[in-house]
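Here's the structure we're looking at; comments come further down.
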Amino acid sequence: MRYHNTFGINVRCRRFAEYKNIGELYEFICSQPRTIQRLHIGKGSNLLFLNDYNGIVLRSQINDVRQLPCEEPGVVRLRVGGGLVWDTFVNRCIQHGWYGVENLSLIPGTVGAAAVQNIGAYGAEAGEFIEQVDCMNLWTGHRQVFTHDECRYGYRFSVFKTPEMQGQWAVIHVIFRLSTSFQPRLDYGGIRNELQRQGISEASLTAEQLRQTIINVRQSKLPDPKVTGNAGSFFKNPVVGREKFEQLASCYPKIPPSDVSPYEVKIPAAWLIEQSGWKGRSQGRVAVHNRQPLVLVNLGGAQGEEVRQLAYDIVTDVESRFGIHLEPEVIFIG
Ligand code: EPU
């Protein structure tokens, strides 16, 4: 599985299967003994394997993009295969003049995984553009379409991440609603600075330039998983009550807030981890990245347990200092 998880953890699975169409997946599901566990992955960019996986790993090769009929002016509806690489999809959208997902450029993973994780970056989330998710149950082969509302999208959350639903569904296709007019979102920190640095004026900005800007910002902060094993943000940014935030702010006036609602405040986990002294620190074959402490990295040859131990040590330390419990964003397998 080493090349199927971006942490680069060297584990084995019992069986690995890729499917190119719905029929192949259905036949495969029905032909396998129900006693064997099943795991559907995208590009393995949000997983941490703790052990060998004694089950079947499935991956989609359904990569088609089809434009669907749409009467609404200014709207494009697309049906996209769950196995398509997310960034290939973003690039293709920009080339065709279908707008909305530019800020999600260069996020690793597949379209199917994006719909499950509700990937987000630089002020945008995939769920905003998803109309429906067409799935197959991994145990029964039963097809079900989940509407946008049924997906219950929230910050790094969807219905597919609830305990009853997690790991039960293969995403066959995702139906997106995009726009034919380009309305850039530039408010997230760092984007305007990078545009200025490149000498690009907001008035003449194109979607291609915005994509390149997002790519530059990401590449300047986040380690490339092809070079250094990692799964992007290891933890979610915690959301705390306003009272708790005010209490912390009285001790740490520099704590950077990001408002979520009048009652709740999101605090950057990167800040909590840095303040706790973990930024850039290594522990054997694993480390906290030195530019973005939300990212844990495999320095080479690490096992999943070593990453988990480092994560546990950080969570314990941050909790004892700030009284805030960090939740992993990465899914532990095994
Ligand atoms: N910060 C520090 N020290 C650092 C880095 C950041 O204190 O070394 C603080 C700063 O206050 C900074 C704030 O953290 O303003 C936010 O940092 P950044 O903009 O890098 O974003 P993030 O909250 O750490 C989230 C996502 C990323 C996404 C970026 C940009 C989560 C868990 N992570 O990170 O998503 O790319 O915003 O939108 O929400 C991913 O999910 O894998 C991922 C990389």
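Predicted model, so just to flag it, every value in this text is computed and none were measured. Read the numbers this way: they start at 1 and go in the same order the structure lists the ligands and their atoms.
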If the criterion is any heavy atom closer than 4.0 Å to an atom of ligand 1, which residues make the list?
Gly120, Ala121, Tyr122, Tyr155, Arg156, Tyr188, Arg218, Lys221, Leu222, Gly232, Ser233, Phe235, Lys236, Asn237, Pro256, Pro268, Ala270, Trp271, Glu274, Lys279, Arg291, Gln292, Pro293, Leu294, Glu329
Does the distance from a Lys or Arg side-chain N to an Asp or Glu carboxylate O, for Lys236 and Glu327, drop under 4.0 Å?
no
Taking the side chain from Asn237 and the backbone from Ala269, do they hold a donor-acceptor pair closer than 3.5 Å?
yes
Ion pair present between Arg77 and Glu72, side-chain N to carboxylate O less than 4.0 angstrom?
no
Has the side chain of Asp259 got a donor or acceptor atom that lies under 3.5 Å from a matching backbone atom of Val265?
no
Arg79/Asp134 salt bridge by N-O under 4.0 Å criterion
no
salt_bridge(Asp187, Arg192) N-O dist < 4.0 Å
yes
